[in-house]
Amino acid sequence: MALPQAARQGYDDVVLVAPVTIPYERHSEQTAHWWLGAALGQLLAQSGLKKADVDGVCVSSFTLGSDTAVGVMQHFQMSPRWLDHIPMGGASGVVAMRRAARAVQCGDASIVACIAGDTNHRESFKNTVSGFSRFSQDAVYPYGAGGPNASFALLTDYYMRHYGATREDFGKLCVAQRDNALRNPHALMKKPLTLEQYMDARVIADPIHLFDCVMPCAGAEGYLVMRREQAEALGLPYVRIRSTIERHNAFPEDAVQHRGGWAMDKDAFYEHGGLTPADVDFMETYDDYPVINVLQFEDLGFCAKGEGPEFIRKNTFTVDGSFPFNTSGGQLSVGQAGAAGGYLGLVQALRQLTDTAGDTQVANARIGLVSGFGMINYDRGICTAAALLERGQ
Ligand SMILES: CC(=O)SCCNC(=O)CCNC(=O)[C@H](O)C(C)(C)COP(=O)(O)OP(=O)(O)OC[C@H]1O[C@@H](n2cnc3c(N)ncnc32)[C@H](O)[C@@H]1OP(=O)(O)O
């Protein structure tokens, strides 16, 4: 019998402010430290705070080499009283927020800078993949596994066979995201994408073709966590946290991944927030491949398992259409700046909920859902997370 769980507390008056993005570059000779430092600098500029005011820092990066968040603090000449390093890839944005929010709520820190950034030298991504984990080195590389594209080809193929999704369904999502990206000056992909171009693209790992894949790049994202009174004193628009979840290594018995940890936690997630999927005005998912978007629609309750293809056919997913989705263009059209890809959706949601999303602004957005998915251990993704966020004022 499962042990009883303590009731989860709300996040009270802990709020999120100052979404920042350091414009992405396809390749960069700068270090990850430089990208993270640029994000911190932008957070200070946007909030009017001094570096010494920030007494907590949370860092995510894949390309720090042998450094961790600890080494980064020496580079930044900071002495925070609270420090965390979240190595959870696509789930890092939401998980960092959860950790930082509790630290602020408990008084262990007053202002936490959550930053994620990665560089992209010519060989960076290859190096990250080659030493990724013990599991990959022992269990899949000896059999010739070639990295995430091959793993997600397996997941995509399984999903298509079992649930009747077509390439056109996935293409519709990628085309909609590109439409959204054309409104976002930070997106690296600046040309429109048609369904025909999507269908005709070169094969990467069948059934995955070029526009099903993210493009590795360099970049950084960040936001601040503080108390509401502090945000008000600084004159910063803020966002409230209604509910969050995280889960690791869910459903290990599934031979091929067709659901993520969100499915285990969905009911508690909405109950804790006092909300339902119908209350959500826009959704920002972790979109390393379009099939993962579909798992998030299903596992977070927007349609039943297997009804993802029908859900895609019914909606437009554009900023001003039905079910506004990945409104920045997502990683598929903005680029994947390593661990910053795990922050992209959260930072964009903060823009939406503080009316600073520019041309990507969703009209009357009040509640946003952000979901994360990280650490593809070469047969499946291990970490999942999600947050329900609400406009502050
Ligand atoms: C949990 C997770 O997030 S798992 C996912 C982790 N991330 C990944 O695995 C990265 C996936 N992406 C890739 O592996 C690569 O981008 C690939 C294999 C799809 C393409 O790589 P390559 O074939 O080496 O292409 P290359 O980098 O040489 O670029 C060639 C052209 O394609 C374009 N291109 C490269 N990748 C992409 C992409 N993913 N989408 C669209 N265009 C792309 C480039 O801009 C370039 O165009 P240009 O010549 O006009 O500048």
Side-chain angles (χ1 to χ4, degrees), residues 24-28 60-63 86-95 116 118 120-133 135-136 140 145-156 170-171 173-175 177-178 181-182 187-194 197-219 221 248-249 257 260-261 285-293 295-296 326 329-345 371-385:
Y24 291 10
E25 292 172 16
R26 175 85 162 99
H27 290 109
S28 166
S60 292
S61 179
F62 288 113
T63 52
I86 309 288
M88 295 184 196
S92 330
V94 171
V95 173
D118 269 299
N120 189 36
H121 303 157
R122 298 262 159 203
E123 296 300 311
S124 303
F125 186 68
K126 226 181 273 174
N127 292 340
T128 302
V129 168
S130 65
F132 194 69
S133 67
F135 178 92
S136 53
V140 293
N149 294 324
S151 315
F152 281 91
L154 176 73
L155 269 61
T156 303
F170 296 135
L173 288 179
C174 295
V175 168
Q177 289 194 201
R178 183 63 62 85
L182 297 178
L188 285 184
M189 312 275 179
K190 305 230 177 269
K191 291 189 201 148
L193 175 69
T194 64
Q197 286 168 325
Y198 170 90
M199 296 299 289
D200 291 345
R202 62 185 155 108
V203 181
I204 301 297
D206 192 37
I208 285 185
H209 293 58
L210 183 66
F211 298 111
D212 295 307
C213 302
V214 290
M215 188 173 77
C217 63
E221 306 271 346
H248 307 280
N249 196 30
Q257 186 170 40
T285 65
Y286 189 80
D287 61 327
D288 48 354
Y289 299 84
V291 71
I292 298 303
N293 288 335
L295 299 198
Q296 287 162 91
N326 284 353
Q331 296 176 89
L332 285 166
S333 276
V334 176
Q336 181 175 63
Y343 271 51
L344 180 70
S371 51
F373 176 74
M375 309 313 286
I376 172 74
N377 216 3
Y378 303 128
D379 73 330
R380 65 194 62 219
I382 305 288
C383 310
T384 55

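Ligands are counted one by one from 1 in listed order, and the atoms in each one are counted from 1 as well. Each residue takes its place number in the sequence, starting with 1. What you see is a predicted model, and the numbers here were worked out from it, not measured in a lab.
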Participant: Counting only heavy atoms on the protein side, is anything nearer than 4.0 Å to atom 26 (P) of ligand 1?
Facilitator: yes
Participant: Go through Ile292 and Leu155 one step at a time and tell me if the side chain to side chain contact (heavy atoms under 4.5 Å, CB included) criterion holds.
Facilitator: CA-CA 9 Å; Ile292 298 303; Leu155 269 61; 4.1 Å; yes
Participant: Does Pro216 have a non-hydrogen atom less than 4.0 Å from ligand 1?
Facilitator: yes
Participant: Of all the heavy-atom pairs spanning Gly372 and Gln296, show the shortest one and how long it is.
Facilitator: N-OE1, 4.3 Å
Participant: Taking the inter-plane angle between the rings of Phe373 and Tyr286 on a 0 to 90° scale, is it parallel (under 30°), tilted (30 to 60°) or perpendicular (over 60°)?
Facilitator: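 The rings of Phe373 and Tyr286 sit tilted, inter-plane angle from 30° to 60°.
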Participant: Does atom 47 (O) of ligand 1 have a protein non-hydrogen atom under 4.0 Å from it?
Facilitator: no
Participant: Any donor and acceptor pair, going by atom type alone, linking the side chain of Asn120 with main-chain N or O of Pro216 inside 3.5 Å?
Facilitator: yes
Participant: Return a yes/no value for Val214: is any of its N or O atoms, backbone included, closer than 3.5 angstrom to an N or O of ligand 1?
Facilitator: yes
Participant: So which protein heavy atom does atom 14 (O) of ligand 1 come closest to, and at what separation?
Facilitator: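 Checking every protein heavy atom, the shortest distance to atom 14 (O) of ligand 1 gives Asn149 ND2, 2.9 Å.
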Participant: Give me the nearest non-hydrogen protein atom to atom 3 (O) of ligand 1 as residue plus atom name, then the distance to 0.1 Å.
Facilitator: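 Looking at atom 3 (O) of ligand 1, the protein heavy atom closest to it is Tyr286 OH, 2.7 Å.
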Participant: Of all heavy-atom pairs between Leu344 and Tyr24, which one has the smallest distance, and what is that distance?
Facilitator: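 For Leu344 versus Tyr24, the nearest heavy atoms are CD1-OH, 3.7 Å.
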Participant: Run down the list Lys191, Gln331, Gln336, Met88 and name the one with the heavy atom closest to atom 7 (N) of ligand 1.
Facilitator: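 The option holding the nearest heavy atom is Gln336.
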Participant: Tell me whether atom 40 (N) of ligand 1 lies less than 4.0 Å from at least one protein heavy-atom position.
Facilitator: yes
Participant: Where is the nearest protein heavy atom to atom 2 (C) of ligand 1: which residue, which atom, and how far?
Facilitator: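 Answer, as residue, atom name and distance: Asp288 OD2, 3.2 Å.
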Participant: Has the side chain of Gln257 got a donor or acceptor atom that lies under 3.5 Å from a matching backbone atom of Gly381?
Facilitator: yes
Participant: Under the rule for side chain to side chain donor-acceptor pair (under 3.5 Å), what residues qualify as partners of Thr285, not counting sequence neighbours?
Facilitator: Asn293, Asn326
Participant: Could you check which of Cys383, Ala91, Cys213 puts a non-hydrogen atom nearest to atom 38 (C) of ligand 1?
Facilitator: Cys213
Participant: Tell me if a side-chain donor or acceptor on Ser60 pairs with a main-chain N or O of Ile86 at a distance below 3.5 Å.
Facilitator: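 Checking the backbone N and O of Ile86 against the side chain of Ser60, a donor-acceptor pair under 3.5 Å is found.
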Participant: Could you find the nearest protein heavy atom to atom 4 (S) of ligand 1 and give me its residue, atom name and distance?
Facilitator: Ile376 CG2, 3.3 Å
Participant: Does Arg178 use its side chain to pair, donor to acceptor, with the backbone of Lys191 at less than 3.5 Å?
Facilitator: yes
Participant: Which option, Arg178, His27, Arg202, owns the non-hydrogen atom nearest atom 23 (O) of ligand 1?
Facilitator: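 Result: the heavy atom closest to atom 23 (O) of ligand 1 is in Arg202.
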Participant: Note the single closest protein heavy atom to atom 42 (N) of ligand 1, along with its residue, its atom name and the distance in Å.
Facilitator: Leu210 CD2, 3.7 Å
Participant: Quick one: does any side-chain atom of His209 pair with a main-chain N or O of Pro207 as donor and acceptor, under 3.5 Å?
Facilitator: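 Yes, His209 side chain to Pro207 backbone: donor-acceptor pair under 3.5 Å.
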Participant: Please tell me whether Ser61 and Asp118 have a donor and an acceptor in their side chains that are separated by less than 3.5 angstrom.
Facilitator: yes
Participant: Nearest heavy atom to atom 33 (C) of ligand 1: which of Met189, Arg380, Met215, His209 does it belong to?
Facilitator: Met215
Participant: Within the structure, does at least one protein heavy atom fall under 4.0 Å of atom 51 (O) of ligand 1?
Facilitator: no
Participant: Heavy-atom contact check, 4.0 Å cutoff: does Arg26 meet ligand 1?
Facilitator: yes
Participant: Starting from atom 8 (C) of ligand 1, locate the nearest protein heavy atom and write down its residue, its atom name and how far away it is, to 0.1 Å.
Facilitator: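 That would be Phe125 CZ, 3.1 Å.
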